[in-house]
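Bear in mind that the values here come from a model prediction, so they are computed numbers and not experimental data. So you know, we letter chains A, B, ... as the sequences are listed, proteins then strands, and number each from 1.
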2 protein chains.
Amino acid sequence: MTKNSTINTKEKIINAAEKLFASMGFLGTSLRAIVREADVNLAAIYYHFGSKEELFIVVVKRVAQPIVREQLRQLKILEESEKLPSIPEVLTAFVTPPLRILQQGSDESRIHAQFMGCCRTELHPVQKKAEQEFRSTQQRFLYILTKVLPEKSPQELKWKLDLIVAMLVRTLNQIEESEMLSAHNSVENIDEFVQHLVTFISYGMSY
Amino acid sequence: MTKNSTINTKEKIINAAEKLFASMGFLGTSLRAIVREADVNLAAIYYHFGSKEELFIVVVKRVAQPIVREQLRQLKILEESEKLPSIPEVLTAFVTPPLRILQQGSDESRIHAQFMGCCRTELHPVQKKAEQEFRSTQQRFLYILTKVLPEKSPQELKWKLDLIVAMLVRTLNQIEESEMLSAHNSVENIDEFVQHLVTFISYGMSY
DNA sequence: GTCTATAATTCGATAGAC
DNA sequence: GTCTATCGAATTATAGAC
C-alpha cells in the first residue's frame, strides 16, 4: 500500500532528525546527514515537510505534545480538588511529565529527553517555535502558583518558574554524561530524583 | 605605530565576534558577518587567530577570566576566615561575579552577559572549550560545599551546583527580554536580585 | 511518492601581492 | 599586517523524469 510506505518514510525522517538535532543542534545538522541516517532520499524531506525549519517544528511538536498533555492532566486533577494544592504538588505536576521520559531507559527515550532539552536552548529563529509549544502550559502553571502563593508578586513567580524550566532543560540535556543521575538513573529511582528536585525548588519558591 | 593598529584590529574582531556569537551562536555566525561588523578584512581573522574556533576560544577567555578571578577572590576570603562559611555566603561568592556584569547597564556589558550565558549552551565542539574555562573554579566551589555540608553526598552537591549554573546561564541569557529583571534591573537593585536568587537556591541546597 | 541532477549560494580557509 | 582573489567543499532548495 502506498500509504504505509509514506508513513514509514515520514517517520524515518522524523526519527533521524530528532536524533541528530538532539546532539548537533539545528544548525549543526544538515539535511544530508538526516537522509543518510534515515536512509531516504534528500528530496523526500521537501516533499513531506517543505523545509528544514518545518521539519524541526514537526519534531518539536511530536516530542512536546504528550508531555504537555500529561502536565495539563495532572494540573487539572489539582484544580478539581476541593482544597488548594501545595507548592510541591504543583511543582511535581510540572516537572514529572518531562522527567518521566527517562524512566523507560530505552535509547529512543534517551533521545526524546535530549532533544527536549536541546530544542529549548536553540537560537534564531527556531527557538521561538519551540518555546511556543510550551508557553501556554507554563502560563497555566504560573496562574495556579499565583493562587497558591498570593503574597508573591506574579513577576517573581514568573522568573522563578523560568529558572525551574532552566533546571529541567539542563537535567534533560545532561543525560549523556549524567553523573547527575548516576545515583538515580535506575528505573525505580526516577521518582526519588523527582522528589529531590521538587524539594530543592519548593523551598526556594516559598522564601 | 604598527602595533597600535594591530591591537585595534584584533580588538575590533573580538568585539564583533562576541556580539554576533552572543546572539546567533557559533554556527549561526559566519566569519564574513564578523568582518562586516568589525569593518576589517576577512584574512585578518586568520592572521590574528588562525581559525574560527580559535577566535571563539579567545572570546570565551576574555569574558570568563575576570569573572573567574573574582569568584576565586571571594572564595579565598571565605576560606581564610576563621569560621566555616554559611551556604548563602558560598553561593553569593559564586553567583555574584557573573551577575555583576549586569550592574553597569552599558551595551558592552549587556553583550558580555549574553555571550557568557550563550557560550555555555553551545554544542559541538566549542562547548567543551567554554566549559573548560569554568571547570576548575566550579570544582573548588564544590569542594568547599562538601565541607559546609558534609552530610550531603558529593554527587548530590555536584548536580545541585550544576543546576545553579543552569539558572545562572538562563539569567544571563534572559537579559534581552528580561522580564525577570524588570523589577530588579536598575543598577542599585542588582544586589537585591542576587539576594533573592541566593535565598532561592540556599534553601534547596540544605534540604 | 521517489528518484537524479543540479541550481544558487555560502562557507571556512589559503595563496600571494604589497 | 593588510589586502584581493579564489579554491574547494558544503549547504538549502528546486526542476523534472519516472
What pairs with B:Ser136 under side-chain contact (heavy atoms from CB on, under 4.5 Å), at least two apart in sequence or on another chain?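 Checked B:Ser136 against side-chain contact (heavy atoms from CB on, under 4.5 Å); zero matches.
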OP1 or OP2 of C:dT2 sitting under 4.0 Å from any side-chain N/O of A:Thr9?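 It does, given that an N or O in the side chain of A:Thr9 lies less than 4.0 Å from OP1 or OP2 of C:dT2.
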Side-chain N,O (B:Asn41) to OP1/OP2 (D:dT4) below 4.0 Å: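 Affirmative; the distance criterion is met.
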In whole angstrom, give the distance that lies between atom [atom1] of [X] and atom [atom2] of [N].
X       : N      : atom1 : atom2 : result
A:Phe49 : D:dT14 : CZ    : P     : 16 Å
B:Tyr47 : D:dT2  : OH    : P     : 7 Å
A:Leu20 : D:dT11 : CG    : P     : 12 Å
A:Ile13 : C:dT2  : CD1   : C1'   : 11 Å
A:Ile45 : D:dT14 : CD1   : C1'   : 14 Å
A:Ile34 : D:dA10 : CD1   : P     : 17 Å

Sidechain-backbone polar pair: B:Thr121 side chain, B:Cys118 backbone, donor-acceptor under 3.5 Å: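 Checking the backbone N and O of B:Cys118 against the side chain of B:Thr121, a donor-acceptor pair under 3.5 Å is found.
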Are side-chain N/O atoms of [X] and [Y] paired as donor and acceptor at under 3.5 Å?
X        : Y        : value
B:Thr199 : B:Ser202 : no
B:Gln132 : B:Arg135 : no
A:Gln174 : A:Thr171 : no

If the plane angle is over 60° it's perpendicular, under 30° parallel, otherwise tilted; pick one for A:Phe21 and A:Phe115.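 The arrangement is tilted - the two ring planes meet at 30° to 60°.
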How are the rings of B:Phe200 and A:Trp159 set relative to one another: parallel (under 30°), tilted (30 to 60°) or perpendicular (over 60°)?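 Because their plane-to-plane angle is over 60°, the rings of B:Phe200 and A:Trp159 count as perpendicular.
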Would you give a per-nucleotide map of nucleotides 12-18 of chain C, 5' to 3', where B means the base has a protein non-hydrogen atom under 4.0 Å away, S means only the sugar-phosphate does, and - means neither? BBB----
For B:Arg73, is there an ion pair with B:Glu70 - N to carboxylate O distance below 4.0 angstrom?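 Here B:Glu70 pairs with B:Arg73 in a salt bridge, since their nearest N and O are under 4.0 Å apart.
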Any Lys/Arg nitrogen of A:Glu79 or A:Lys147 sitting under 4.0 Å from an Asp/Glu carboxylate oxygen of the other?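 Judged by the 4.0 Å cut-off on N to carboxylate O distance, A:Glu79 and A:Lys147 do not form a salt bridge.
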End-to-end bend of the helix from C:dG1-D:dC18 to C:dC18-D:dG1 (five-pair axes, 10° rounding)?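 The end axes of the helix from C:dG1-D:dC18 to C:dC18-D:dG1 are about 0° apart, to the nearest 10°.
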